[in-house]
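Okay, here's the structure, questions in a sec.
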2 protein chains.
Amino acid sequence: MTEVAGRIEIYGQCEIVMANTTSLPTLQDVAAAAGVSTATVSRVINFPAQVAPATRAKVEATIAQLGYSPHFGARVMAARRTNTVGAIIPTMENAVFARGLQAFQDELSAHGYTMLVASTGYSAANEAEQVKALVARGADALLLIGHKRDQAIYDFLAAQGIPTIITWAFDPSSGRPSVGFDNAAAMRDMARQVIDMGHRQLALISAETASNDRAMERYLGIQAAMQDKGLPEENLLFIETSYGIEEGAIAFKQAMSASNPPSAVFCGNDVLAVGALRQARDSGIHVPDDVSIIGFDDIELAQVAYPPLTTVHVPHREMGRLAAAALIGWLKDGTPPNTVELLAYPVMRSTLAPKD
Amino acid sequence: MTEVAGRIEIYGQCEIVMANTTSLPTLQDVAAAAGVSTATVSRVINFPAQVAPATRAKVEATIAQLGYSPHFGARVMAARRTNTVGAIIPTMENAVFARGLQAFQDELSAHGYTMLVASTGYSAANEAEQVKALVARGADALLLIGHKRDQAIYDFLAAQGIPTIITWAFDPSSGRPSVGFDNAAAMRDMARQVIDMGHRQLALISAETASNDRAMERYLGIQAAMQDKGLPEENLLFIETSYGIEEGAIAFKQAMSASNPPSAVFCGNDVLAVGALRQARDSGIHVPDDVSIIGFDDIELAQVAYPPLTTVHVPHREMGRLAAAALIGWLKDGTPPNTVELLAYPVMRSTLAPKD
DNA sequence: GAATCGCATGTAAGCGCTTACACTTTCTAC
DNA sequence: GTAGAAAGTGTAAGCGCTTACATGCGATTC
């Protein structure tokens, strides 16, 4: 063994080989190889226009030859920004946030930003942790879903000077920049139509409202519509459940076995609605003849479900894109963007019918 | 103005205020405030056991009071690692990769790593770019989908010393560590059963095979089964299309209008299958009485579709979790993990019936 | 032809943290 | 009691990059 080790030292080449395997080329290596200063190499990378064409070509060739790529950490540290934007969403497991997020990312990428995602599993404590984690990782800005969270989180973000945009909700009174829609109004509009169709006994299968203002708003929207139309509050059966198709199915069964079963079942989101739909089928309950089912979100699932789901359309893509644009502008100008309200509106498909 | 500026200098306090608003507290600030060295503060954060309890308490209090949180870039630079793992997937827009990715992230989080996601939109060029981008951002390791990509990408990754794991595929001959399943074998198993049920005229609505080895393998799997069962190659109508429900619908229409329409239509993934299913319904074609439809992936959509989709179950969660575990081990030990083969198997639901 | 300008490039000072090493103090074992 | 180990802490050298500022030099102006 010692002999071998000794031998290795004899061959000068080996040192080079070892250097290659143990460490990547640095800016300095490139500068040395190209016969220029580190500043020039840095400029070639960041502000190519500032460098004479001949020099630039030489440096670019050297970069390619050495396979150099800038060290992220060093760059972050020297430039004091990461060009990274964080997004914290409740879950990645289904399409509710995926489409919006994809649009968000596309827009960010187009402007040279990278997206960092974290999911909370609908847990507030988890969210607080993820906010800290993303900020610690140098997220220059953050996207959050909904307004409702501990004030401490907002204080932290403000103290760290992290531009933060709220999406999936609209509440101008909050004073926080947001790109979203009015959950209550959208659900209210839908509920009005449902009531106008003659439905009197209603149910809402809702996501948990405790830390989810979107769910709460949707609930309030139905209540508002009922009040408008003179329906007493007790005509709404409110069932709160956690997220998932199965949960929707269970809740639907529960709703239908009530002493006064509803003729229209609202669901806080399409995933729950699809679960309800499946349960109806399994129980031989015909939709929409026996009961109407109404979703919220208009994710792909809604169109593919059978019967195609009547739901509230949410402009996911638009929301993601505009949120990214707002954040990019904020990062550039240093001034918070205006709050943007998008429209979410009922989409009539086949799971809602008049009650005769 | 000069007067004002002069005044500011008079008040010592102002300097402090300005420092507060313009920059976050640093390790050094904490050290100074706590009356210890920067090394001690660093230890409190990274190796608390090494610090005397009294000192630690004091430092922790100071950290809390100042609202200090370590600067990511500086940390990365000094420690030469980011604790970040990148994942590059074709798309985030639907559930195909979402569940696996969620499991991947959960496992990473549990071990103190953060996930960086990038999507390629099924474009090879885009993928090459994203690989570079994630590496440049300091991803310590990478998750990729499928084996097929330019050798240059593998060379780049090797040169940069980035542990990389392949998922959603299994090809021990590649010599690359992977956690996945044998797409060809899974599809072959399914196809055998379909043929055994009496189907002779088949179709495959496939994702584009050019840069997607999973799609290609699935195609080959059907061919293998046909050969086993003595069906001539021309009994398979092969339709290649891009990704999406709509695309599946269009391709299905095309398949059924062939001169020799298939009695069983395989789909390269559930999204295409659900599109086919919808198109069948819209065209008054009854599934599975008139035609059988078979998916692949077993995403949530498959269970919710009507009729529930017969498909090939892919162990998404397990795959994500194990991929993360493999990568974490690799990062720790420095030795590549063994390739893991998971089992993907047919799930019989209601869209496949015997051909009489 | 001297003064001026502006472009291309170089010099070098950090950015905020980790960590090897050194040092001091306290314990342990005989 | 003392040598040696162990534990706690400090010192200071970078990590690889960006960028303010300095420098050099050819082009322009009068």
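Just so it is clear: chains get the letters A, B, ... in the order the sequence lines come, proteins before strands, and each one is counted from 1.
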Taking any heavy-atom pair under 4.0 Å as a contact, classify B:Val36: base, sugar-phosphate, or nothing.
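Since only primed, P, OP1 and OP2 atoms lie under 4.0 Å of B:Val36, the category is sugar-phosphate.
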
Over all strands shown, is A:Phe72 touching base, sugar-phosphate only, or nothing at heavy-atom distances under 4.0 angstrom?
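Touches nothing.
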
Tell me: CZ of A:Arg75 to C1' of D:dC15, nearest whole Å?
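Distance, rounded to whole Å: 16 Å.
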
Are any non-hydrogen side-chain atoms of A:Leu27 and A:Pro70 less than 4.5 angstrom apart?
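A side-chain contact under 4.5 Å is absent here.
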
Interatomic distance, B:Tyr68 OH vs C:dC17 C1' [rounded to whole Å]
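Interatomic distance, OH of B:Tyr68 to C1' of C:dC17: 7 Å.
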
For B:Asp106, check side-chain hydrogen bond (donor to acceptor under 3.5 Å, both in side chains) against everything at least two apart and list the hits.
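Residues passing side-chain hydrogen bond (donor to acceptor under 3.5 Å, both in side chains) with B:Asp106: B:Gln102.
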
In whole Å, what is the span from the NE2 atom of B:His71 to the P atom of D:dC17?
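About 15 Å, once rounded to whole Å.
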
Cut-off 3.5 Å, side chains only: do A:Arg75 and A:Asn83 have a donor facing an acceptor?
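Result is no, nothing qualifies.
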
Atom pair distance, as rounded to whole Å: CG in B:Leu66 and C1' in C:dG16:
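So the CG-C1' distance, B:Leu66 to C:dG16, works out to 15 Å.
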
Could you list all the salt bridge (Lys or Arg N to Asp or Glu O under 4.0 Å) pairs where at least one residue sits in residues 139-159 of chain B, not counting sequence neighbours?
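Non-adjacent pairs meeting salt bridge (Lys or Arg N to Asp or Glu O under 4.0 Å): B:Glu127-B:Arg149.
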
Answer whether the closest heavy-atom distance between the side chains of A:Glu318 and A:Val340 falls below 4.5 Å.
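A:Glu318 does not reach A:Val340 side chain to side chain.
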
So if I take residues 38-57 of chain B and measure heavy-atom distances to DNA chain C, which residues fall below 4.0 Å?
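Within residues 38-57 of chain B, the residues near DNA chain C are B:Ala39, B:Ser42, B:Arg43, B:Asn46, B:Phe47.
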
Between C1' on C:dC15 and CE on B:Met77, what's the gap in Å once rounded to a whole number?
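In whole Å, C:dC15 C1' lies 7 Å from B:Met77 CE.
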
